[in-house]
Amino acid sequence: MDADQIHRCLKRLKFSGHALKEMLEEEFGEVTEAEIREAVTSGEIIESYPKDRPVPSCLIYGNTKKRRPLHIVCAPLLGEETLVIITVYEPDPDKWINFKRRKK
């Protein structure tokens, strides 16, 4: 999976129940659908999960237009041109190096 495939699926978003809960309860403030689109558009894949089921997924790090950092775990459904948002959160700087690598 690559960024082009993800961007092609960005037209239609489908949210898991977990993602919706995380968006509403994010400790640094609610995450909106618009912010997710902005972060995915500006973002990069920092981890891939090719063995995830039912479909492979990845972790994207990106920033909103207001420079809010977000992590989005998503899975593109290429045949449906839909991006499934599995979870989304604002990464904790104490747990990430430049929001791209996990601290040990």
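Not measured: the values here are computed from a predicted model.
- Note that CD of Glu38 and OG1 of Thr32 are 6.5 Å apart. Values are rounded to the nearest 0.5 Å.
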When you look at Arg8 and Glu81, which way does the salt bridge (charged side-chain N to carboxylate O under 4.0 Å, His left out) test go after all the steps? CA-CA 6 Å; Arg8 277 199 309 273; Glu81 292 191 343; 5.4 Å; no
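- Side-chain atoms of Tyr61 and His71 form no donor-acceptor pair, as typed in the model, at a separation below 3.5 Å.
- Of the possible donor and acceptor atoms, one in the side chain of Ser16 sits under 3.5 Å from a partner among the backbone N and O of Ile86.
- Taking 4.0 Å as the cut-off between side-chain N and carboxylate O, Arg12 and Glu80 do not count as a salt-bridged pair.
- Inspection of the Ser42 and Asn63 side chains reveals no N or O donor paired with an N or O acceptor under 3.5 Å.
- Within the 4.5 Å cutoff, side-chain heavy atoms of Pro69 are placed close to those of Glu90.
- You'll find the side chain of Gln5 reaches within 4.5 Å of the side chain of Leu78, heavy atoms only.
- When side chains are defined from C-beta on, Val31 does not count as touching Glu22, because their heavy atoms never get closer than 4.5 Å.
- The minimum heavy-atom distance linking Cys74 with Ile85 is given by the pair CB-CD1, 4.1 Å.
- In this structure, the separation between CG on Leu10 and CD1 on Ile36 is 10.0 Å, given to the nearest 0.5 Å.
- Cluster membership check: Phe99 does not share its hydrophobic cluster with Ile72, using side-chain heavy-atom separations under 4.5 Å among Ile, Leu, Val, Met, Phe, Trp and Tyr.
- A 4.5 Å side-chain heavy-atom check between Leu59 and Tyr49 finds at least one atom pair inside the cut-off.
- Nearest heavy-atom pair across Leu13 and Thr82 is C-CG2, 4.5 Å.
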Show your working on side-chain contact (heavy atoms from CB on, under 4.5 Å) between Leu83 and Lys14 and close with a plain yes or no. CA-CA 6 Å; Leu83 189 63; Lys14 182 177 180 179; over 6 Å; no
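- For the pair Lys21/Thr87, no side-chain contact is recorded, criterion being any heavy-atom separation below 4.5 Å from C-beta on.
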Check the pair Tyr89 / Met23 against side-chain contact (heavy atoms from CB on, under 4.5 Å), numbers first and verdict last. CA-CA 7 Å; Tyr89 57 91; Met23 290 167 66; over 6 Å; no
Hey, mind stepping through Val55 and Val84 against side-chain contact (heavy atoms from CB on, under 4.5 Å) and telling me if it holds? CA-CA 10 Å; Val55 293; Val84 177; 5.9 Å; no
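- Between the side chain of Thr64 and the backbone N or O of Lys66, at least one donor-acceptor pair lies under 3.5 Å.
- Although no hydrogens or angles enter the test, the distance criterion places no donor-acceptor pair under 3.5 Å between the side chain of Asn98 and the main chain of Lys100.
- Put simply, the side chain of Asp4 does not reach to within 4.5 Å of the side chain of Ile6, judged on heavy atoms.
- Side-chain contact between Cys9 and Leu77 is absent, with no heavy atoms from C-beta onward closer than 4.5 Å.
- Here the side chains of Lys95 and Lys103 are not in contact, with every heavy-atom distance at 4.5 Å or above.
- Taking CZ of Phe28 as the reference point, atom CZ of Arg68 lies at 9.0 Å (rounded to 0.5 Å).
- Minimum heavy-atom separation, Glu47 to Trp96: OE2-CH2, 4.0 Å.
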What's the verdict on side-chain contact (heavy atoms from CB on, under 4.5 Å) for Val73 and Val88, showing C-alpha distance, side-chain angles and the deciding distance? CA-CA 6 Å; Val73 177; Val88 59; over 6 Å; no
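- If you chain together hydrophobic residues whose side chains sit under 4.5 Å apart, Ile46 and Leu70 never meet in one group.
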